Each structure stands twice: as C-alpha cells, then as structure tokens.
Visitor: 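Before I ask anything, let me first share the structure, which is written out below as structure tokens.
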Amino acid sequence: MSWTKHTNGATARANRILGLIQRNLRGASQKLKERAYVSLVRPHVEYCSPIWNPYTTKAINRIENIQRQAARFVLHRYHRRESVTAMLQELQWTSLEERR
C-alpha cells in the first residue's frame with residue numbers, strides 16, 4: 001500500500017464520520033460536538049501518524065482540512081470571512097501537523 005492510498009483512506013474515513021456527526025448532532029451543544037470530533041474523528045487521522053507522516057503539501061492539506069471543517073461545525077460559523085485559524089485558537093486545538 002502506498003502512503004497516498006493510506007492518507008486518502010484515512011481522510012475518507014474521517015470525513016465520513018465527521019459527516020455522520022454533522023448530520024446527527026446539528027442542534028447539540030458546542031461541548032458535545034467537540035467531544036464527538038475529538039473521540040470519533042481525530043483518532044482516524046492520528047493513528048500511527050508519526051510513522052506515515054505525510055510529507056506532500058497535498059496530503060497535509062487534506063488532513064488539516066478535516067480539522068478546519070470540524071472547527072467550523074463545532075462553532076457553527078460557516079461564513080467565508082470567518083478565520084478558521086482564529087476558531088482553532090478559540091477551541092485551543094493544535095494543528096494536526098504539530099500533534100505529529
């Protein structure tokens with residue numbers, strides 16, 4: 001298995017689970033949404049990540065976009081002018097790249 005296939009598979013799994021959370025926890029509290037992301041989605045993109053650490057910009061962006069999408073969902077801020085970086089700081093989430 002190539003690393004590209006592995007990162008594509010990990011991001012696809014994480015996106016499917018994030019979509020499930022978004023559909024089912026739409027009206028839930030911010031704390032519950034955050035816990036659901038941290039416990040159900042993030043492990044899929046972090047599992048053994050020090051070993052397969054993505055090195056291409058494309059792979060890194062695909063993985064980081066999952067967390068950025070989750071931050072928008074947790075805070076319920078979807079407007080384009082909203083800074084996702086500020087959202088991540090507000091939630092006190094470090095980037096997935098730093099966590100590797």
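Quantities reported herein were computed from a predicted structural model and do not represent experimental measurements.
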Visitor: Show me the side-chain donor-acceptor pairs of residues 20-30 shorter than 3.5 Å, one per line, residues at least two apart or across chains.
Guide:
from, atom 1, to, atom 2, distance (Å)
Arg23, NH1, Gly19, O, 3.3
Asn24, ND2, Leu20, O, 3.0
Ser29, OG, Leu32, N, 3.2

Visitor: OG1 of Thr11 to CZ of Arg16: how many Å apart, nearest 0.5 Å?
Guide: 9.5 Å

Visitor: Could you go through Leu40 and Arg35, starting from their C-alpha distance and side-chain angles, then the distance that decides it, and tell me whether this counts as side chain to side chain contact (heavy atoms under 4.5 Å, CB included)?
Guide: CA-CA 8 Å; Leu40 298 174; Arg35 284 185 186 166; over 6 Å; no

Visitor: How close do Pro43 and Val38 get, counting heavy atoms only, and between which atoms?
Guide: CD-O, 3.3 Å

Visitor: Sequence neighbours left out, what passes side-chain hydrogen bond (donor to acceptor under 3.5 Å, both in side chains) with Arg68? Give chain and number order.
Guide: none

Visitor: Quick one: which residue pairs count as a salt bridge (Lys or Arg N to Asp or Glu O under 4.0 Å) with a foot in residues 75-90, not counting sequence neighbours?
Guide: Arg77-Glu90

Visitor: If we only count heavy atoms from C-beta on, is the Asn8 to Arg62 side-chain gap below 4.5 Å?
Guide: yes

Visitor: Roughly how far apart are Ile63 CD1 and Lys58 NZ, rounded to 0.5 Å?
Guide: 12.5 Å

Visitor: Please find the pair of heavy atoms, one from His44 and one from Ala14, that lie closest to each other, and give the distance.
Guide: CB-CB, 4.3 Å

Visitor: How many angstroms lie between atom CG of Asn15 and atom CD1 of Ile66, to the nearest 0.5 angstrom?
Guide: 4.5 Å

Visitor: By side-chain hydrogen bond (donor to acceptor under 3.5 Å, both in side chains), which residues pair with Asn65, not counting sequence neighbours?
Guide: none

Visitor: Let's go through Gln67 and Val84 carefully: what are the C-alpha distance in whole Å and the side-chain angles of both, what is the deciding distance for side chain to side chain contact (heavy atoms under 4.5 Å, CB included) to 0.1 Å, and is it a yes or a no?
Guide: CA-CA 10 Å; Gln67 180 161 304; Val84 180; over 6 Å; no

Visitor: Apply side chain to side chain contact (heavy atoms under 4.5 Å, CB included) to Ala70 and list each qualifying residue two or more places apart in sequence or on a separate chain.
Guide: Leu18, Tyr37, Trp93

Visitor: Who pairs with Ser39 by side chain to side chain contact (heavy atoms under 4.5 Å, CB included), at least two apart in sequence or on another chain?
Guide: none

Visitor: Could you tell me which residues satisfy ring pair (Phe, Tyr, Trp, His ring centres under 6.0 Å) with His76, sequence neighbours excluded, listed by chain and number?
Guide: Tyr78

Visitor: Does a side-chain heavy-atom distance below 4.5 Å link Lys33 with Leu75?
Guide: no

